[in-house]
Amino acid sequence: MGDIFADKPVSINGIFLGMDSDHVILYQARGGRAFFKSASYTGEIQEILSVPSDLLPSFFWTKNYAGNGMIGFLTKEDEFVLYEQNHRLAKFPDIRRNVMPPWFAYMPDRNTIFMEWACYETRSGRKKWDFPLPVAERAYKKFLACETWRELPNGLIMTQINVDQENIYISLMDQSGNIRRSVSLPIFYAYHNVGVAQNYIYFIQPIENTRFPAEVILFDFNLNEIGRYDVDSNRINYEVWFDSHNKHFYVLGNGIVTRVNIMDGQKRIDPIPFDKIEISSWGVLPNDMLYFVKKERELFFLDPQENMECVLRHKIKGYCLKLVPLKNGNVLLVSLNNRKKEQVILQVICFDKQAPVNCAHEAKGAV
């Protein structure tokens, strides 16, 4: 794989809100004003928006959006407002603030925004349509909860709806608000997850009364079932990650990583070199490297092509917030300064073509 090293960290004042392409979106209050800023991973800052601080509730971060050159957020009047370069485009008065993160907003174009249960026009704030329901209205009034929805590369939107704590509906909706297809799956309410990764929609949950603790079901983006896979690993982490070739997926549990071949179900099991309980996040990068964040303070890269050889062990400055693949093939590490709670630290992890780094030592540039 070659040498992997960390560039010099860059500190920027502000509260991390999210990513827009390769730029970090930050918020900072100063002198009675609230500033929204865009920062490149090398530290160049551009102000996007400035509004009076008293416009924002203390919990405004539970509803915010950044993308397409626009910023949206919740106000004290329980309205969601959308701005473009200090010009307010529209307000959306019927957004429910009681739904806490994760929260999803999506703009397929500059004229349309999907938020929570409805689709709106960005310029007027007019509701175009409510999200359709795959179940009867009576079920909605009694049980229904929207757990998540995601935009898909084929232009459709996947919704995940819990009906009665025993069944879940996964539905595909077009951008005119029409349900194209739905599947219903029985669930154990507290232990399941639906996600979108690579070219697949996945569903994962434990299985009762079998020697296999978990099952993964894969669907394509038209909700055709690809396969069902037993994963023999207890204390499962309810995330599924895929390699760049869409040939394998990975599941973490009980101190081991299980790699499953999607075509034939063959499994390969590899132990990880640290205690599973201390892992705060993990995943697979576009270059197929596996990463693990330990106690939010230490980053490991493992190479599955080299028997899980550790090619980077890096002490994180502050607390890890996010690991973001960049368009140039490197990775941006976003962390929070543990002494200054309103300061974000950006650090690029670079991939070189030299000899691998010994896991017993920190990589070049590590803090």
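Numbering of residues begins at 1 and proceeds along the displayed sequence.
Hydrophobic clustering, with ILVMFWY side chains joined whenever heavy atoms are under 4.5 angstrom apart, groups Val344 together with Leu326. Both Leu299 and Trp282 belong to a single network of hydrophobic side chains, linked directly or stepwise wherever heavy atoms of I, L, V, M, F, W or Y lie under 4.5 Å apart. Under the 4.5 Å side-chain heavy-atom criterion for grouping Ile, Leu, Val, Met, Phe, Trp and Tyr, Phe5 is not connected to Val324 through any hydrophobic cluster. Residues Trp241 and Val293 are members of one and the same hydrophobic cluster, defined by side-chain heavy-atom contacts under 4.5 angstrom among Ile, Leu, Val, Met, Phe, Trp and Tyr. Under the 4.5 Å side-chain heavy-atom criterion for Ile, Leu, Val, Met, Phe, Trp and Tyr, Val311 and Ile272 are members of the same hydrophobic cluster.
In this structure, a donor-acceptor pair under 3.5 Å is present between the side chains of Asn224 and Arg181. Residues Lys317 and Gln347 bring no donor and acceptor atom of their side chains to less than 3.5 Å of each other. Asn328 and Tyr41 are linked by a side-chain donor-acceptor pair at a separation below 3.5 angstrom, with hydrogens and angles left out of the test. A side-chain donor from one of Asp288 and Ser244 sits under 3.5 Å from a side-chain acceptor of the other. No side-chain donor from either of Arg33 and Ser53 sits under 3.5 Å from a side-chain acceptor of the other. In this model, no donor atom of one side chain and acceptor atom of the other lie less than 3.5 Å apart for Asn13 and Gln28. Gln266 and Asn261 share no side-chain donor-acceptor pair at under 3.5 Å.
Taking a cutoff of 4.0 Å between a charged side-chain nitrogen and a carboxylate oxygen, Lys37 and Glu44 do not qualify as a salt bridge. Salt-bridge formation is detected for the pair Glu225/Arg228: a Lys NZ or Arg NE/NH1/NH2 atom is positioned less than 4.0 Å from an Asp or Glu carboxylate oxygen. Ionic pairing of Glu298 and Arg313 is present here: one or more N-O contacts between side-chain nitrogen and carboxylate oxygen are shorter than 4.0 angstrom.
Aromatic pair Phe16/Tyr27: ring centres not closer than 6.0 Å. Taking the six-membered ring where the residue is Trp, the centroids of Phe292 and Phe300 are separated by 6.0 Å or more.
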Verdict with reasoning, Lys128 to Glu121, per side chain to side chain contact (heavy atoms under 4.5 Å, CB included): CA-CA 7 Å; Lys128 299 172 74 172; Glu121 290 181 350; 3.7 Å; yes
Intermediate values then yes/no, side chain to side chain contact (heavy atoms under 4.5 Å, CB included), Val331 and Tyr291: CA-CA 11 Å; Val331 176; Tyr291 71 86; over 6 Å; no
Steps toward ring pair (Phe, Tyr, Trp, His ring centres under 6.0 Å) verdict (Tyr202, Phe219): CA-CA 6 Å; Tyr202 70 82; Phe219 301 92; over 10 Å; no
Evaluation steps, side chain to side chain contact (heavy atoms under 4.5 Å, CB included), between Thr258 and Phe249: CA-CA 8 Å; Thr258 302; Phe249 68 82; over 6 Å; no
Audit row: Phe242, Val284, side chain to side chain contact (heavy atoms under 4.5 Å, CB included) steps and yes/no: CA-CA 7 Å; Phe242 296 82; Val284 181; over 6 Å; no
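Judged purely by atom type and a 3.5 angstrom limit, Glu47 has no side-chain atom pairing as donor or acceptor with the backbone of Phe35. Using modelled atom types, one side-chain atom of Thr75 and one backbone atom of Glu77 make a donor-acceptor pair closer than 3.5 Å. In this structure a side-chain-to-backbone donor-acceptor pair under 3.5 Å is missing from Glu151 to Met158. Between the Asp174 side chain and the Ile179 main chain, no donor and acceptor come within less than 3.5 Å of each other. Proximity of a side-chain donor or acceptor of Asp303 to a complementary backbone N or O of Asn307 within less than 3.5 Å is not detected. The closest donor-acceptor contact from the side chain of Ser38 to the backbone of Gln46 lies at 3.5 Å or more, if one exists at all. Of the possible polar contacts, one joining the Asp109 side chain to the Asn111 backbone as a donor-acceptor pair under 3.5 Å is found. The closest donor-acceptor contact from the side chain of Ser280 to the backbone of Glu296 lies under 3.5 Å. Judged by distance alone, the side chain of Tyr229 and the main-chain N or O of Ile262 form a donor-acceptor pair under 3.5 Å. Using a distance-only test at 3.5 Å, with no hydrogens or angles considered, no donor-acceptor pair links the side chain of Asp270 to the main chain of Ile256.
Closest heavy-atom contact between Ile316 and Ser335: CG2-CB, 3.8 Å. Closest approach of Leu56 to Leu74, counting heavy atoms only: CD2-O, 3.9 Å. Scanning both residues, Asn167 and Ile187, for their nearest heavy atoms gives N-CG1, 3.8 Å. Scanning all heavy atoms of the two residues, the minimum distance from Leu333 to Cys320 falls at CD1-SG, 3.9 Å. Shortest non-hydrogen contact noted between Ile25 and Met19 is CG1-C, 4.5 Å. The minimum heavy-atom distance linking Asp220 with Ile201 is given by the pair O-CD1, 3.9 Å.
Atom CG of Leu218 sits about 11.0 Å away from atom CG of Asn199, to the nearest 0.5 Å. Note that NE2 of His248 and CE of Met263 are 11.0 Å apart. Values are rounded to the nearest 0.5 Å. The distance from the CG atom of Asn337 to the CD1 atom of Ile345 is 4.5 Å, given to the nearest 0.5 Å. Remark: Ile168 CD1 to Asn193 CG distance equals 9.0 Å, nearest 0.5 Å. Annotation: the span from Leu82 atom CG to Thr122 atom OG1 amounts to 6.5 Å, rounded to 0.5 Å. In this structure, CG in Leu285 is found 8.0 Å from CG in Leu290, a value given to the nearest 0.5 Å.
With sequence neighbours left out, Ser171 forms a side-chain hydrogen bond (donor to acceptor under 3.5 Å, both in side chains) with Ser182.
Side-chain contact between Val260 and Val216 is absent, with no heavy-atom pair separated by less than 4.5 Å. Between Arg180 and Leu156, some side-chain heavy-atom pair lies under the 4.5 Å cut-off. Looking at heavy atoms from C-beta onward, Arg123 lies in side-chain contact with Glu84 at the 4.5 angstrom threshold. Within the 4.5 Å cutoff, no side-chain heavy atoms of Leu323 are placed close to those of Leu332.
Judged by a 6.0 Å distance limit and a 45° cone about the ring axis, Arg297 is positioned over the six-membered ring of Tyr319.
For the ring pair (Phe, Tyr, Trp, His ring centres under 6.0 Å) with Tyr120, the lone residue among Phe92, Trp129, Phe80, Tyr65 that qualifies is Phe92.
Taking the six-membered ring for Trp and thresholds of 30 and 60 degrees, Phe114 and Trp149 have ring planes more than 60 degrees apart, a perpendicular arrangement.
Remark: Gln175 CD is packed, more than 12 non-hydrogen atoms of other residues, nucleotides or ligands lying under 6.0 Å away. The neighbour count for Lys91 NZ, taken as heavy atoms of other residues, nucleotides or ligands under 6.0 Å away, does not exceed 12.
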